[in-house]
Amino acid sequence: MDLSNYESLRACSADEVLHQLRQANQKLEIYAAEINPELFVNLQLPTFPKADVIMSKEVLTVSDDEFLALFHRVFYESLQVEIDLKEEKRIKYLKGWCLLAIVCVSILFISFSQNQELKVLMFIIVMALCGCLYELFKHKTKLFVSDIKRRTNFKVMADSFLGFLPTVYIIDQQMYIGANLLKRPCSMEFYSVESEAEQQQLKSIYEHYVMANRRIQDEFIIGQYFERMHSDELSSMSWQD
C-alpha cells in the first residue's frame, strides 16, 4: 500500500503505539495478518468486548503448540463439548463383532475347500464384512459444541490478503498504521493518521476487504483444535445450537 498519498501521517514510535494499545478505553480494532499468542498475552491488551481482531488464514497454519496457545489465550475463554458415549460404545462393539465374524467366515472358507459354491458364498460374505468393517473404521466421533465464550471478538479471514497490507490499529478515535506488533517486537517507524477523513478512507479499505471475503467459521476452528489435539479419536464435529 502506498502511504505517500496520505498527507496527515505523523511519524511515531512503536512504544507510543503500544502505550495507546494498553490504554484503550472504548474501542480497539486491529487488522493484523498473524498473531503470536504469547506476545498478545504479554502485551496485556484489552480483550472482549473491546477488542476486534481481524486476521488472515495463516494464523491457523502454525505448530500445534502455538495453535493451542492461540485457541486458549486469544480465541476462546470457554466452550461446552458433548460426546454421544452410547454411540461410541455401539461402534466399538460392532467393530469387535465384525472382526470376529470375518475370522469365523474365513475359517469356514478354508474348511469348504472342496465345495466351490460354498467357497464363493463364504468369499462374498467375507468381502461384505470387510466393507462393513471399513465403514466402521471411517466413523468419526461427533462433537456437539455449545456455550461458546470468546476472549476477543476475532475474525479469521479465509485468504492471505492482510499479509500484503500494513497492520492497522484503531484505538478509541485514533488510527495507527505500520508493522505487526502482535507477531514480534518491532522498532520500525509507525504513523499516526491525524486526519479524520483519511482515517475513514483507510478504514473503508480494510472494512471493504472484510465484507467482500469469506470468514472462517467457529465450527472449523474448533474442529481444527480437536483434530490437532486428538487426531486419532476426535477428528470431526457437528454443531449444536
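Note that the structure is a prediction, hence the values are computed from the model and not measured.
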Distance-only side-chain donor-acceptor flag, [X] / [Y], under 3.5 Å:
{"X": "Q201", "Y": "Q199", "result": "no"}
{"X": "S192", "Y": "Q174", "result": "yes"}
{"X": "E87", "Y": "H139", "result": "no"}
{"X": "Y169", "Y": "Q20", "result": "no"}

So R22 and L43, side-chain contact (heavy atoms from CB on, under 4.5 Å) or not? Walk me through it. CA-CA 7 Å; R22 295 188 180 107; L43 289 175; 3.6 Å; yes
Without placing hydrogens or testing angles, list every side-chain donor-acceptor pair under 3.5 Å for residues 91-106, not counting sequence neighbours.
from : atom 1 : to   : atom 2 : distance (Å)
S106 : OG     : I102 : O      : 2.7

Residue pairs, two or more places apart or on separate chains, that pass side chain to side chain donor-acceptor pair (under 3.5 Å) and touch residues 53-63: E58-S160
List the atom of V62, the atom of R228, and the distance in Å for their closest heavy-atom pair.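 Closest approach of V62 to R228: O-NH1, 2.9 Å.
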Which heavy atom in T167 sits nearest to a heavy atom in A179, and how many Å separate them?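 It is CB-O, 3.5 Å.
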Report the distance from atom [atom1] of [X] to atom [atom2] of [Y], rounding to the nearest 0.5 Å.
{"X": "F123", "Y": "L108", "atom1": "CZ", "atom2": "CG", "value": "15.5 Å"}
{"X": "F137", "Y": "C132", "atom1": "CZ", "atom2": "SG", "value": "12.5 Å"}
{"X": "L121", "Y": "I125", "atom1": "CG", "atom2": "CD1", "value": "4.0 Å"}
{"X": "L28", "Y": "Q23", "atom1": "CG", "atom2": "CD", "value": "12.0 Å"}
{"X": "I216", "Y": "Q224", "atom1": "CD1", "atom2": "CD", "value": "8.5 Å"}
{"X": "L21", "Y": "I30", "atom1": "CG", "atom2": "CD1", "value": "5.5 Å"}

So do the side chains of [X] and [Y] get within less than 4.5 Å of each other, counting heavy atoms only?
{"X": "V17", "Y": "C12", "result": "yes"}
{"X": "Y6", "Y": "L202", "result": "yes"}
{"X": "M211", "Y": "H208", "result": "no"}
{"X": "V145", "Y": "I148", "result": "yes"}
{"X": "L39", "Y": "K183", "result": "no"}
{"X": "S78", "Y": "D147", "result": "no"}
{"X": "F75", "Y": "V156", "result": "yes"}
{"X": "L60", "Y": "F220", "result": "yes"}

Tell me which pairs pass ring-ring contact (aromatic ring centres under 6.0 Å, His included) where either residue lies in residues 52-74, with sequence neighbours left out. F71-Y76, F71-Y225, H72-Y225
May I have the step-by-step check of ring-ring contact (aromatic ring centres under 6.0 Å, His included) for F161 and Y209, ending in yes or no? CA-CA 8 Å; F161 189 66; Y209 154 73; 5.3 Å; yes
Between [X] and [Y] (salt bridge meaning N to carboxylate O under 4.0 Å), is one present in this structure?
{"X": "E77", "Y": "R151", "result": "no"}
{"X": "R150", "Y": "D218", "result": "yes"}
{"X": "K27", "Y": "D172", "result": "no"}
{"X": "K203", "Y": "E196", "result": "no"}

Mind running side-chain contact (heavy atoms from CB on, under 4.5 Å) on L182 and N36 for me, showing each step along the way? CA-CA 6 Å; L182 304 184; N36 181 322; over 6 Å; no
Check the pair V74 / V41 against side-chain contact (heavy atoms from CB on, under 4.5 Å), numbers first and verdict last. CA-CA 8 Å; V74 179; V41 172; 5.5 Å; no
Is L118 reachable from I107 through a run of I, L, V, M, F, W or Y residues, each pair having side-chain heavy atoms under 4.5 Å apart? no
Is the backbone N or O of I35 less than 3.5 Å from a side-chain atom of N180, with the two atoms forming a donor-acceptor pair by type?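 Pair absent, no side-chain N/O of N180 close to backbone of I35.
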So, E29 side chain and A51 main chain: donor-acceptor pair closer than 3.5 Å or not? no
Going through the distances and angles, do L162 and Y206 end up as a side-chain contact (heavy atoms from CB on, under 4.5 Å)? CA-CA 9 Å; L162 272 180; Y206 287 80; 4.0 Å; yes
What residue among E198, E194, E189 forms salt bridge (charged side-chain N to carboxylate O under 4.0 Å, His left out) with R10?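 For R10, the salt bridge (charged side-chain N to carboxylate O under 4.0 Å, His left out) test succeeds with only one of E198, E194, E189, which is E194.
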Verify side chain to side chain donor-acceptor pair (under 3.5 Å) between D52 and Y31, making sure each step is shown before the conclusion. CA-CA 8 Å; D52 294 319; Y31 295 83; over 6 Å; no
